[in-house]
Protein chains: 2
Amino acid sequence: MIYDVIIIGLGPAGISAGIYAHRQNLECLLIGKSFGGQMVSKAVDIENYPGFNKISGFDLVEKMIDQLKEKGIEYLEDKVVSIVKNEYFEIELDSGKKFQSKVVIVCTGAEPRRLSIEGEKEFLGKGVSYCTTCDGPLFRNKDVAIIGGGDAGFEAARFFSKYANKIYVIERGKDFIASSKNQEIVRSFYPKIETLLETDVIRIIGDSFVKGIECSKNNEALSLKVEGVFVQIGYVPTTGFLGDLVDMNDRGEIIVDRETLETKTPGLFAAGDVNDGRVKQIVVACSDGARASVYAYKYLNNK
Amino acid sequence: MIYDVIIIGLGPAGISAGIYAHRQNLECLLIGKSFGGQMVSKAVDIENYPGFNKISGFDLVEKMIDQLKEKGIEYLEDKVVSIVKNEYFEIELDSGKKFQSKVVIVCTGAEPRRLSIEGEKEFLGKGVSYCTTCDGPLFRNKDVAIIGGGDAGFEAARFFSKYANKIYVIERGKDFIASSKNQEIVRSFYPKIETLLETDVIRIIGDSFVKGIECSKNNEALSLKVEGVFVQIGYVPTTGFLGDLVDMNDRGEIIVDRETLETKTPGLFAAGDVNDGRVKQIVVACSDGARASVYAYKYLNNK
């Protein structure tokens, strides 16, 4: 059989796209490695998804999955290894299974780039976080370290200055990558923020919670006492299976039309964190999924 | 006092903008005529807001309002009559109260344009609807009339052809406004759809539910038995108080940057149904509110 729409990814964008495709009576199949995307591994409760004052990522995902199942929407937990477009999109899975569809919506999300150092995994949710907006308020009057001297790092530091007692911005390179404006503002108006260059974070230490980080600065050991470590060294969108069906920006995100979310390949859409929208939030991903399905429907209608 | 952000409108876009502004520690005030916007008057349960399989518009609004209140976000039920931008935005309310802010996010939504005929109000939610996507599945194997011969009307008819038994598309004018492609497709491939020109709908009749419509076609009486009446004659965005601070498209929607949702006036954003995004859905409005607040924060940070 040939599906109207195959949705790749089982995070909020994919689930929302599935709900909307179903609502429009399209024959649709969702395929993803596992349910929930980044939501599942979120350290703290989500407080900014409209409709739930406070809910764990796990519980919110569960609710969305239930919604998908209640509607009888077809899904498959498997990994897509390649897509080719001939008359239809031809999708091959890790298991060897193959599917065909008229439209594909890519919702594979992104993963925060990891430091890959000792303590990072162990203290995830116990002081280590990749999302400042989510976890900022938890660090009121505490000392925190932000790893990464790009705009994300500097903006995180400014954000934290409303809560934290002391904020370190730590950059491995010889220069900060953040815009000079961002750097200037921090130096002029944010006395709580201390910036460090040429500083390599070697390990994160603690007991039941983060207690500090051990660094090497110009080849000398440097220990900092902090209760929060925010890693802001970018994201890695999951796009490896797409070949040259899409164009990417310099962040590796799929470039889409800002209204329709269609990629350069007609009938191929990208929704959620994997596309080049700048605001990465659950509700934005859900909205993207909905919009992509609405335009998928229009695309099919115009064929 | 001068607020960082004043958000105008208490529907999903406004509430979501408020939650995000608060999360970013901005001094924020929400002002709106009443809570909920179009959601409150929705005829049937909402089934496509991710996180709730089935929920009434009223209940979903209530949950969002609770969220706002739990976070202690300030709001005021009043109508904005004018905004002027001097050093700050100066906002005047119906009650005569005045407020100042550095940023304004307009989330005043839109109202479906009404026919303003007998029976329209009485049968709202009892066969009369303004939202096909919402209510389509309820009319399986029934006859329905779509009022309005624009693209929205034709697309609604095509959408309904998956459910309904017979669909009338009724246009008052001498020609359909829908694209000729849309008209062609309907004529060629949709035998269930009958189109009528120069037909004025005079009243909607029924008992506990819609039973039919009475029309005048070329000055002759015409009665049609239908159980659903879908009014698709456009939306009226609520923008009267904005003067020339914004530019509008030909639908009366506020033109915004597609990424930041900023209008032509720096610091003035527009989120949700009031802006020129084409997909009008609750989750899209929520996403817009979130994005506008994120960019409001950036705007304030760069001042």
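Side chains included, hydrogens not; waters and symmetry mates left out as well; all remaining heavy atoms used. In the text below, chain A, chain B and the rest are named by the order of the sequence lines, each starting its count at 1. Only a predicted model underlies this, so the values are computations on that prediction, with no experimental measurement involved.
Side-chain contact between A:Pro137 and B:Arg23: present, with at least one pair of heavy atoms (C-beta onward) separated by less than 4.5 Å. In this structure the side chain of A:Arg291 never reaches within 4.5 angstrom of the side chain of B:Gln281, judged on heavy atoms.
Between the side chain of B:Gln67 and the backbone N or O of A:Glu47, at least one donor-acceptor pair lies under 3.5 Å. Side-chain atoms of B:Lys162 come within 3.5 Å of backbone N or O of A:Gln24 as a donor-acceptor pair.
Top candidate by heavy-atom pairs under 4.5 Å with chain A, chosen from B:Glu259, B:Met64, B:Lys54, B:Arg278, is B:Glu259. Across B:His22, B:Lys71, B:Arg258, the residue that shares the most heavy-atom pairs under 4.5 angstrom with chain A is B:Lys71. Ranked by heavy-atom pairs shorter than 4.5 Å toward chain A, the options B:Thr260, B:Leu60, B:Asn301 are led by B:Asn301. The candidate with the highest count of non-hydrogen atom pairs below 4.5 Å against chain B, out of A:Gly51, A:Cys286, A:Pro50, is A:Pro50. Annotation: maximal heavy-atom pairing with chain B below 4.5 Å, among A:Val294, A:Ile15, A:Asn25, A:Ile19, occurs at A:Asn25.
Using a 4.5 Å cut-off between heavy atoms, A:Glu62 makes no contact with chain B at all. No part of B:Asn182 comes within reach of chain A, as not one of its non-hydrogen atoms sits under 4.5 angstrom from that chain. Both the backbone and the side chain of A:Tyr49 come within contact range of chain B, each with at least one heavy atom under 4.5 Å from a heavy atom of that chain.
Side chain to side chain, A:Lys63 and B:Asn53 fail the donor-acceptor criterion of an N or O pair below 3.5 Å.
Closest heavy-atom contact between A:Tyr20 and B:Asn48: CE1-O, 3.3 Å. Heavy atoms only, all atoms of each residue included: B:Ser287 and A:Val283 are closest at CB-O, 3.6 Å.
Ring geometry, B:Phe52 versus A:Phe52: the interplanar angle falls under 30°, so the pair is classed parallel (tilted spans 30 to 60°).
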